[in-house]
A.B. asks: 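Just dropping this structure here.
Source: prediction; values computed, not measured. In what follows, residues are counted from 1 in the order of the sequence shown.
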Amino acid sequence: MSTGDSFYITTPIYYPSDVPHIGHGYTTVAVDTLARWHRQGGDDTWMLTGTDEHGQKMLRAAAANGVTPQEWVDKLVSEAWFPLLRTLDVANDDFIRTTQERHEERVKRFVQAIFDRGYIYAGEYEALYCVGCEEFKPESEILDGTGAFEGLKVCAIHSKPLELLQEKNYFFKLSEFTEPLLALYKDQPDFIRPESARNEVVSFVRSGLKDLSISRSAFDWGIQVPWDPSHVIYVWVDALLNYATAIGYGDDEEQFERRWPAYHVVGKDILRFHAVIWPAMLMAAGLEVPRGVFAHGWLLVGGEKMSKSKLTGIAPSEITDVFGSDAYRFYFLSAIAFGQDGSFSWEDLAARYQAELANGFGNLASRTIAMVGRYFESIVPPAGEYTEADLAVQRIVADAASAADAAIERFRIDEAIAAIWTIVDALNGYITENEPWALAKDPAERSRLGTVLYTAAEGLRALAVLLSPVMPVATEKLWVALGAAESLGRLQDQPLRRAGEWGTLRPGTSVNGLEPLFPRIENP
């Protein structure tokens, strides 16, 4: 399915007011897996992540900690957000920070451009503002407070009191883009996915859009409005523009033309910013809208969305320190239908680790390598005449590779993993049914034994390639154990979309010892 075209994909840029939790990790490894798949599939791939460092919430947090805003964000990014990428084995191509000069200067150029095109005007604004969301809240997200907040209006997301703000601001003529946006959603049905997210956005836009306040004058922690330094650009406008500024908007047109437009993967709580405000801003600037916006669901702990105030935020390292990064990536990307809410529990993670990784994939790899070592002196044997059982495995591998690639095109990583896992199940069943340990006792079955073990090893070769975007650490170990690193080259250079072609692993290849890919964990 590769066209060789640009595949530019982004995470949202994260607000580093606190340490990352498993929800941030979930989004990041999903985007990393999609990028790895397309990169290994031959597409001109670029993955962007980063941090959104301006705004009133950051200013207040810095003041509470007795440091400047820049000192505060520098500390958070260096101590928490950069390490997250290493913890989860993320291979991003760029990391943008909205306090970087490259971003700030390009944001000014973009805002100036839409001002010059007549889409920004001065006005006064009074509305209820949530500092946690950094957003003036619509009526649908304003609730009456209870308990300690009785008599106040609170944010439906944060359950904290809203602030009534009255300021002279600059406004973006968002209302003028109601019909162009509806036409976009109609002409490109897959622009917003999944369908439930698309329906929500269409309904919201059909109800009518109001002009958007895009500046603040009550504080100065932000990017100055280029024609009025007494205002700073609204943090969400600043943040959304990172997707364009990171690839050179405004002064590196060659890079921008090569990469843009992008796919955005976001949590559903920030869908409207990405599927409504962002494409409208791009239209106003005369630029292409994104290729698409995919909104995944929330990770629920104890039936509720993770929350710092409710002490339900779990650091990714709490999982990786016990189970490893591959298990983290596999679990969240396979156990949850991508696009829907999913519940996390330690019990489910431990059960899946043991059943699917340790006993399923890991045991398959260990015993196959061990039998090649025991029965063929660690040399991959040639296959003899194939039986229907062998050919059935070959068909399963080919079908799984094709189905997984199609699922990735739909952004359904969970379906891709399920398709690939049919190979794991088929090979485990195949070994059980063909009993190579019994064949090894009969010299007359030597050729058949070689066919069975070549089939198992070649199936593992396909699994290593297909699962490498999901579990880069374990698959690299398997690749080396199969001897494929020496005979076929680096795992990340293998043509992923040809992984299902049978016969790639060369007979005569020397296999190496393999420690358990997923060791037993006592009392996780």
A.B. asks: For the atom pair CZ (Arg497) and CG (Asp405), what is the distance rounded to the nearest 0.5 Å?
C.D. replies: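 So the CZ of Arg497 and the CG of Asp405 are separated by 4.5 Å.
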A.B. asks: Should Asp341 and Lys268 be marked as a side-chain contact (heavy atoms from CB on, under 4.5 Å) after you check the CA-CA gap, both sets of side-chain angles, and the distance that decides it?
C.D. replies: CA-CA 10 Å; Asp341 292 348; Lys268 65 181 183 179; 3.0 Å; yes
A.B. asks: With heavy-atom distances below 4.5 Å as the criterion, would you say the side chains of Trp278 and Leu241 are in contact?
C.D. replies: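 Side chain of Trp278 against side chain of Leu241, heavy atoms only: contact under 4.5 Å found.
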A.B. asks: Checking His264 against Thr10: is there a side-chain donor and acceptor pair closer than 3.5 Å?
C.D. replies: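 Yes, because at least one side-chain N or O of Thr10 sits under 3.5 Å from a partner of the opposite role on His264.
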A.B. asks: State whether the side chain of Tyr15 and the backbone N or O of His54 hold a donor-acceptor pair below 3.5 Å, judged by distance alone.
C.D. replies: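 The answer is yes, because a donor-acceptor pair under 3.5 Å joins these two groups.
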A.B. asks: Drop me the distance from Leu181's CG to Ile277's CD1, to the nearest 0.5 angstrom.
C.D. replies: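 Nearest 0.5 Å value for the CG-CD1 distance: 10.5 Å.
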A.B. asks: Classify the angle between the aromatic ring planes of Tyr26 and Phe338 as parallel (below 30°), tilted (30 to 60°) or perpendicular (above 60°).
C.D. replies: perpendicular
A.B. asks: Aromatic rings Trp236 and Phe273: how do their planes relate, parallel, tilted or perpendicular, breaks at 30° and 60°?
C.D. replies: parallel
A.B. asks: For Asp220, does the CG atom have more than 12 heavy-atom neighbours from other residues, nucleotides or ligands under 6.0 Å away?
C.D. replies: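 12 or below, so no.
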A.B. asks: Are Phe330 and Glu356 packed together at the side-chain level, in the sense that at least one heavy-atom pair is separated by less than 4.5 angstrom?
C.D. replies: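 A side-chain contact under 4.5 Å exists here.
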A.B. asks: Judged by atom type as modelled, is there a donor-acceptor pair below 3.5 Å linking the side chain of Tyr8 to the main-chain atoms of Tyr243?
C.D. replies: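 It does hold such a pair.
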A.B. asks: Just by modelled atom types, is the Pro469 backbone N or O under 3.5 Å from a matching donor or acceptor in the Thr33 side chain?
C.D. replies: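 Here the side-chain-to-backbone pair exists.
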A.B. asks: Could you walk me through whether Val276 and Val201 pass side-chain contact (heavy atoms from CB on, under 4.5 Å), step by step?
C.D. replies: CA-CA 8 Å; Val276 180; Val201 170; 3.7 Å; yes
A.B. asks: Quick one: do the Glu53 and Thr51 side chains pair a donor with an acceptor below 3.5 Å?
C.D. replies: yes
A.B. asks: State, without any angle test, whether Asp89 and Ser325 hold a side-chain donor-acceptor pair at a distance under 3.5 Å.
C.D. replies: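 Present: a donor and an acceptor within the cut-off.
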A.B. asks: Where the side chain of Ser203 meets the backbone of Glu200, is there a donor-acceptor pair that is under 3.5 Å apart?
C.D. replies: no
A.B. asks: Looking at the rings of Tyr263 and Phe7, which for Trp means the six-membered one, are their centres under 6.0 Å apart?
C.D. replies: yes
A.B. asks: Output, in order, the C-alpha distance, side-chain angles, deciding distance and verdict of salt bridge (Lys or Arg N to Asp or Glu O under 4.0 Å) for Arg259 and Asp44.
C.D. replies: CA-CA 8 Å; Arg259 300 293 176 197; Asp44 183 13; 2.9 Å; yes
A.B. asks: Could you walk me through whether Tyr234 and Ser215 pass the side-chain contact (heavy atoms from CB on, under 4.5 Å) test, one step at a time?
C.D. replies: CA-CA 4 Å; Tyr234 173 41; Ser215 73; 5.8 Å; no
A.B. asks: Side chains of Thr475 and Ser468 only: does a donor on one sit below 3.5 Å from an acceptor on the other?
C.D. replies: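 Not at all, the side chains of Thr475 and Ser468 share no donor-acceptor pair under 3.5 Å.
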A.B. asks: Is a side-chain donor or acceptor of Arg198 paired with a backbone partner of Tyr185 at a separation under 3.5 angstrom?
C.D. replies: yes
A.B. asks: Can you give me the closest heavy-atom contact between Ile413 and Ala30, atom names plus distance?
C.D. replies: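 Smallest heavy-atom distance, with atoms named: CD1-O, 3.5 Å.
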A.B. asks: Which is it for Val31 and His296 under the side-chain contact (heavy atoms from CB on, under 4.5 Å) test, yes or no, and what are the steps along the way?
C.D. replies: CA-CA 11 Å; Val31 172; His296 67 71; over 6 Å; no
A.B. asks: Any donor and acceptor pair, going by atom type alone, linking the side chain of Lys173 with main-chain N or O of Ala284 inside 3.5 Å?
C.D. replies: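 Such a contact is absent between Lys173 side chain and Ala284 backbone.
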A.B. asks: Is the distance between the ring centroids of Phe323 and Tyr331 less than 6.0 Å?
C.D. replies: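 No; Tyr331 has its ring centre 6.0 Å or more from that of Phe323.
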A.B. asks: Counting N and O atoms only, with roles assigned by atom type, does the side chain of Trp260 sit under 3.5 Å from a partner on the main chain of Glu288, one being a donor and the other an acceptor?
C.D. replies: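 The answer is yes, because a donor-acceptor pair under 3.5 Å joins these two groups.
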A.B. asks: For the CD atom on Glu253, are there more than 12 heavy atoms of other groups (residues, nucleotides or ligands in this structure) within a distance under 6.0 Å?
C.D. replies: yes
A.B. asks: Arg329 side chain to Val470 main-chain N or O, any donor-acceptor pair under 3.5 Å?
C.D. replies: yes
A.B. asks: Side chains of Cys155 and Lys160, heavy atoms from C-beta outward: is any pair under 4.5 Å?
C.D. replies: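 A side-chain contact is absent here, since even the closest heavy-atom pair is not under 4.5 Å.
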A.B. asks: Which heavy atom in Leu271 sits nearest to a heavy atom in Ala295, and how many Å separate them?
C.D. replies: CD1-CB, 3.9 Å
A.B. asks: Do the charged groups of Lys57 and Asp52 touch, with an N to O distance under 4.0 Å?
C.D. replies: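 No, this pair does not count.
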A.B. asks: So, do Lys210 and Leu174 sit near enough that their side-chain heavy atoms are less than 4.5 Å apart?
C.D. replies: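 Contact flag for Lys210/Leu174 side chains = no.
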A.B. asks: Are Asp211 and Ser175 linked by a side-chain donor-acceptor pair shorter than 3.5 Å?
C.D. replies: yes
A.B. asks: For Gln70, I'd like to know if atom CD has over 12 heavy atoms of other residues, nucleotides or ligands within 6.0 Å.
C.D. replies: yes
A.B. asks: Does Arg117, at its CZ atom, have more than 12 non-hydrogen atoms belonging to other residues, nucleotides or ligands within less than 6.0 Å?
C.D. replies: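 More than 12 heavy atoms, drawn from other residues, nucleotides or ligands, come within 6.0 Å of this atom.
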A.B. asks: With ring centroids as reference points, do Phe344 and Phe332 lie under 6.0 angstrom apart?
C.D. replies: yes
A.B. asks: Can you tell me if Trp37 and Asp43 form a side-chain donor-acceptor pair at under 3.5 Å?
C.D. replies: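 Checked: Trp37/Asp43 side chains show no N/O donor-acceptor pair below 3.5 Å.
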A.B. asks: Students often mix this up, so state it plainly: with edges at 30° and 60°, are the rings of Phe115 and Trp227 parallel, tilted or perpendicular?
C.D. replies: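 Taking Trp227 first and then Phe115, their aromatic rings lie parallel (interplane angle under 30°).
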A.B. asks: Could you tell me if Thr87 and Tyr328 have a donor-acceptor pair between their side chains, going purely by distance under 3.5 Å?
C.D. replies: no
A.B. asks: Would you confirm whether Asp93, through its side chain, and Met47, through its main-chain N or O, come within 3.5 Å as a donor-acceptor pair?
C.D. replies: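 Such a contact is found between Asp93 side chain and Met47 backbone.
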A.B. asks: Consider side chain to side chain donor-acceptor pair (under 3.5 Å). Of Thr98, Asp238, Asn242, which one does His103 pass it with?
C.D. replies: Asp238
